[in-house]
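Residue numbers start from 1 in every chain, and the chains themselves are labelled A, B, ... in the order their sequence lines are given, proteins ahead of strands.
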Amino acid sequence: MLDPKLVRNNYKALEEALKARGMDVTLAKAFVAADEEWRKIQSEAEDLRSKQNKLSEEVAVRKREKQNADDLFAQLKQISARVKELQEKAKEAEEKVKSVAMVLPNIPHVSVPVGIDSRDNLEVRKWGEPKQFGFKPKTHDEIGVALGILNFEQGAKVSGARFVNLVGMGAKLERALINFMLDVHTKEHGYTEVMPPALVSGASMTGTGQLPKFEEELYKCKDDDLYLIPTAEVCVTNLHREEILPGDMLPIKYVAYTPCFRREAGSYGKDVKGLIRLHQFNKVEMVKFTEPENSYQELEALTNNAEAILKKLGLPYRVVALCTGDLGFGSAKTYDIEVWFPSEGRYREISSCSNFESFQARRAEIRFKKDASSKPEFVHTLNGSGLAIGRTFAAILENYQNEDGTVRVPDVLKPYLDNLDKITAN
RNA sequence: GGAGGAGUGGCCGAGCGGCUGAUGGCGCUGGUCUUGAAAACCAGUAUACCGUCUAACGGUAUCGGGGGUUCAAAUCCUCCCUCCUCCGCCA
C-alpha cells in the first residue's frame with residue numbers, strides 16, 4: 001500500500017508509476033476520487049460527533065447535580081441518529097478507498113530501468129564461464145529421469161501434473177542443497193534461521209500483497225481462511241506484523257527453508273517438463289527488515305548473499321535489474337539472478353531479490369522506533385530467494401553432467417553427500 | 001472436539017453505564033539534589049486518522065476484534081479470535 005499523503009501531495013508520481021508499469025491510470029484517478037469523498041464525509045461525521053460528545057458531557061454534569069436533562073435527550077436522540085447514518089456512509093467510503101488502495105502497485109525506485117517487458121531488463125553483471133561440452137548437453141529432466149532420481153510419473157500419480165517425486169540420491173541432493181544454503185546464510189551472512197508455518201491466514205497474505213489481487217495464484221483451504229504459502233516471504237515478513245520494533249533490533253535478517261505452493265494459473269504450456277515450474281517446490285528465502293535509509297544498501301547485500309551460493313556451487317549466472325514493466329506488484333526494485341542452463345543455452349531465473357520499501361510494512365503495520373522517544377516509522381522490507389532449491393537442483397544436473405549420464409557433485413556439497421564424487425544411476 | 005477461566009496503555013494492575021485515554025505501581029525520558037552514582041523529589045511518557053502555514057494547536061477514534069442495546073459503553077447483550085487449565089483425539 002502506498003502512503004495516501006504522498007499520493008495526495010504528489011499525484012503525478014503515482015500516474016507516472018502506473019504508466020511505467022504499463023498499467024491504466026484510471027486506478028490512480030479512482031483512488032484520488034474515493035479518498036476525497038471519504039475525507040469529506042469523515043470530517044462531517046466527526047464534527048457532528050464532536051457536538052454529540054459535548055452535549056453528552058452536559059448531560060453527565062446535570063445528572064451528577066441531580067438535575068433534569070430531558071431537553072438534551074430530545075436533541076441528542078436526533079443527533080445520535082444522524083451520526084449513525086453519517087458514520088455508516090463514512091465507513092462505506094473508507095472501504096472503497098481501501099479496496100482501491102490495495103490494488104495499487106508500488107512506485108518503482110528511480111534507479112529502475114524503464115521498459116515494457118522482460119526484454120527491457122538490464123543485465124548488471126555476469127559471473128562464471130558457461131562450460132563447453134564435448135557433446136550435446138541433455139536437459140536436467142532427461143538426466144534425472146535416466147538416473148532414476150526424478151520420477152515425474154509418480155508425482156503425477158500421487159498428485160497430478162507439475163508434481164515430482166525425488167528418489168534416492170535425488171531426495172538426498174535436495175536435502176543437501178537446503179542444508180548447504182541454510183548453513184552459508186546463517187554462518188557466513190549473519191541470518192537467523194526460522195521455520196514458520198506454511199499455512200497462513202488471509203491477513204498475512206494481505207500483509208505481503210498476495211491478496212486481494214492474486215488470489216487465483218494461491219491454494220486456499222476454503223473452510224478455514226488458510227492459504228498455502230507461495231513463498232516464505234509471506235510467513236516470515238508477517239512474523240512482525242502489527243509490531244513496533246525497537247530501532248536497535250534493525251536490521252533483522254531471517255532465512256527460512258519452506259516448501260512453496262503455486263497454482264500456476266495462466267502458465268499453461270510453459271515449462272511443462274522438468275523441475276522449473278512445479279505446483280510444489282522447496283526454497284530457501286532471505287527476508288530483511290531495515291531502516292528506510294539503509295534499504296538499498298541492504299538490497300545489494302541481499303543479492304550478493306544469493307550470488308554467493310551460486311559462486312560456491314560453481315554455477316555461471318548473471319544478475320539483471322527488472323525494468324518497470326516487469327517489476328512485481330509490491331516491489332520498488334528487483335534484481336533477478338539467472339543461472340546458466342546448458343541444454344537451453346540461456347540463463348534462467350533462480351532467485352529474485354526485491355526491496356518493497358514501506359509497501360508491505362504499511363499493509364502489515366510493521367514499524368520501528370529509532371529511539372525510545374522518537375515517532376514510529378514504517379520499516380522497509382526486503383526479500384530474496386537464496387535460492388530456489390528445485391531450480392538449483394536442475395542447474396547442477398545440467399552444468400555438472402558427464403557424457404555417460406552421471407553427474408559430478410560440486411565440491412561444496414560433498415560433505416553433505418557422504419563425500420560422493422558423482423551421482424550414478426540408482 | 002468437550003468443559004471451565006482470562007484478555008485494559010512498554011509491563012503489572014484498578015475501574016464494571018456518564019468530567020475515564022482511562023487511578024496506582026514498575027519501566028523509560030528530562031530536571032533538581034550530589035565530586036560522581038544511587039536514593040529522594042518534580043515533570044513528561046500510547047497509536048492512528050482528519051483539519052491547519054508539513055507550527056505550537058484543534059477534532060475524531062481506539063480498553064482482544066466485529067455487531068447490538070442506550071441520549072451516553074472499557075463497563076450491559078451477542079458472535080468471533082487468542083491465551084491458560086482439565087478431558088478426548090493425534091504426528
Side-chain angles (χ1 to χ4, degrees), chain A residues 1-11 13 31-102 195-207 221-227 235 238-250 259 292 358 361-379:
Chain A
M1 198 161 66
L2 299 168
D3 181 356
K5 279 183 201 144
L6 195 124
V7 175
R8 279 176 214 146
N9 298 334
N10 193 1
Y11 173 72
F31 175 79
V32 171
D35 182 56
E36 255 169 44
E37 174 76 2
W38 168 70
R39 279 189 291 164
K40 209 183 104 203
I41 296 169
Q42 177 75 354
S43 84
E44 202 182 328
E46 284 185 356
D47 285 349
L48 197 64
R49 185 74 221 231
S50 173
K51 197 171 159 195
Q52 185 189 27
N53 285 344
K54 285 206 179 84
L55 285 176
S56 265
E57 250 169 63
E58 220 176 307
V59 170
V61 170
R62 285 207 204 168
K63 284 275 158 193
R64 241 172 287 120
E65 291 169 1
K66 308 267 192 265
Q67 287 177 7
N68 185 288
D70 288 351
D71 55 325
L72 293 177
F73 283 162
Q75 271 190 67
L76 274 166
K77 196 146 196 163
Q78 280 189 346
I79 293 178
S80 173
R82 275 191 54 215
V83 163
K84 207 165 199 172
E85 221 174 276
L86 277 171
Q87 281 180 335
E88 246 159 65
K89 270 172 76 181
K91 201 173 170 186
E92 269 171 46
E94 188 180 6
E95 232 131 80
K96 189 163 177 203
V97 174
K98 255 193 203 153
S99 68
V100 180
M102 286 313 235
M195 196 170 276
L199 213 46
V200 305
S201 65
S204 289
M205 284 295 185
T206 306
C221 311
K222 67 180 169 95
D223 290 339
D224 298 289
D225 183 40
L226 286 172
Y227 297 81
C235 44
N238 277 286
L239 251 23
H240 293 296
R241 195 173 76 233
E242 288 155 47
E243 285 184 23
I244 299 175
L245 304 160
D248 56 17
M249 264 181 80
L250 302 179
S358 60
R362 200 174 294 281
R363 289 172 160 245
E365 283 183 66
I366 309 168
R367 289 170 291 179
F368 78 102
K369 276 185 170 181
K370 261 202 174 63
D371 303 297
S373 56
S374 47
K375 274 194 77 162
E377 289 176 65
F378 289 108
V379 299

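- Across all strands shown, B:rU32 forms a Watson-Crick or G-U wobble pair, both distances under 3.5 Å, with B:rA40.
- Distance check on atom C1': B:rA73 versus B:rA22 gives 13 Å, rounded to whole Å.
- Across all strands shown, the partner of B:rU47 is B:rA61, judged by Watson-Crick or G-U wobble contacts whose two distances both fall under 3.5 Å.
- No engagement by A:Lys40 is indicated, since no non-hydrogen atom pair under 4.0 Å with the nucleic acid exists.
- Here the separation of B:rG27 from B:rC11, taken at their C1' atoms, is 7 Å to the nearest Å.
- Per the geometry, CG belonging to A:Leu86 stands 15 Å off C1' belonging to B:rG59, to the nearest Å.
- Between A:Ile244 atom CD1 and B:rC28 atom P there is a gap of 19 Å when expressed in whole angstrom units.
- Judged purely by atom type and a 3.5 angstrom limit, A:Asn9 uses its side chain to pair as donor or acceptor with the backbone of A:Lys5.
- Side-chain N/O atoms of A:Ser43 include none lying less than 4.0 angstrom from OP1 or OP2 on B:rC50.
- Comparing the P positions of B:rG7 and B:rC16 gives a spacing of 15 Å, expressed to the nearest Å.
- Between A:Glu88 and A:Lys63, the residue anchored closer to the 5' end of RNA chain B is A:Lys63, taking for each the nucleotide with the nearest heavy atom.
- Between A:Asn53 and B:rU60 there is a side-chain N or O to OP1 or OP2 distance below 4.0 Å.
- Across the strands present, B:rC11 finds its partner in B:rG25; the criterion is a Watson-Crick or G-U wobble pair with both atom distances under 3.5 angstrom.
- Across every strand in view, B:rA91 sits unpaired, with no contact that passes the Watson-Crick or G-U test at under 3.5 angstrom.
- Nearest to the side-chain atoms of A:Lys369 among the listed nucleotides B:rG51, B:rU60, B:rA46 stands B:rA46.
- In the set B:rU69, B:rA61, B:rU47, the nucleotide with an atom closest to the side chain of A:Arg49 is B:rA61.
- Both A:Gln87 and A:Leu72 lie near RNA chain B, and the one whose nearest nucleotide falls closer to the 5' end is A:Gln87.
- Between A:Phe378 and A:Ile366 there is no side-chain heavy-atom pair separated by less than 4.5 Å.
- Rounded to a whole Å, the CD atom of A:Glu242 is 13 Å from the P atom of B:rA48.
- Between A:Arg39 and A:Asp35 there is a salt bridge, since at least one side-chain N of the basic residue sits less than 4.0 Å from a carboxylate O of the acidic one.
- Two residues are said to be in side-chain contact when any heavy atoms from C-beta on lie closer than 4.5 Å; A:Arg241 and A:Glu365 fail this criterion.
- To the nearest whole angstrom, the two P atoms, one in B:rG66 and one in B:rG1, are 24 Å apart.
- Regarding A:Lys5, its NZ atom lies at a distance of 5 Å from the P atom of B:rC50, rounded to whole Å.
- Side chain of A:Lys91, nearest nucleotide from B:rA61, B:rA48, B:rG67: B:rG67.
- Of the side-chain N and O atoms in A:Lys84, one or more sit less than 4.0 angstrom from OP1 or OP2 of B:rU69.
- Nucleotides B:rA39 and B:rG31 are separated by 16 Å at their C1' atoms, to the nearest Å.
- For the C1' atoms, the distance from B:rU45 to B:rU52 is 26 Å, rounded to whole Å.
- Under the Watson-Crick and G-U wobble criteria, each requiring two contacts below 3.5 Å, nucleotide B:rA72 is left unpaired.
- Atoms CG (A:Leu76) and P (B:rA73) sit 11 Å apart, rounded to a whole Å.
- Contact annotation: the side chain of A:Glu57 never approaches that of A:Val61 to less than 4.5 Å [non-hydrogen atoms, C-beta and beyond].
- Residue A:Glu46 places its side chain closer to B:rU60 than to any other of B:rU60, B:rA72, B:rU69.
- In this structure, A:Phe73 places its CZ atom 8 Å from C1' of B:rA72, rounding to the nearest Å.
- The number of heavy-atom neighbours closer than 6.0 Å to CD of A:Glu65, taken from other residues, nucleotides and ligands shown, is above 12.
- Across all strands shown, A:Arg367 has heavy atoms under 4.0 Å from sugar-phosphate atoms exclusively, and none from any base.
- The side chain of A:Arg8 places an N or O atom within less than 4.0 Å of a non-bridging phosphate oxygen (OP1 or OP2) of B:rC50.
- OP1 or OP2 of B:rC49 has not a single side-chain nitrogen or oxygen of A:Arg39 nearer than 4.0 Å.
- Closest to the side chain of A:Trp38, out of B:rG18, B:rA48, B:rC49, is B:rC49.
- Straight-line distance between the P atoms of B:rG64 and B:rG13: roughly 14 Å, to the nearest whole Å.
- Residue A:Val61 is classed as having no contact, given no heavy-atom separation below 4.0 Å to the nucleic acid.
- Rounded to the nearest Å, the gap between the P atom of B:rC80 and that of B:rU70 is 23 Å.
- Within 4.0 Å (heavy atoms only), A:Pro4 reaches no atom of the nucleic acid at all.
- With a cut-off of 3.5 Å on both Watson-Crick or G-U wobble distances, the partner of B:rC86 is given as B:rG2.
- Rounded to whole angstrom, the span from the NZ atom of A:Lys51 across to the C1' atom of B:rA61 amounts to 20 Å.
- Computed from coordinates, the A:Leu48 CG to B:rG59 P distance equals 16 Å when rounded to whole Å.
- Remark: the backbone N or O of A:Asn68 is paired with a side-chain donor or acceptor of A:Arg62 at under 3.5 angstrom.
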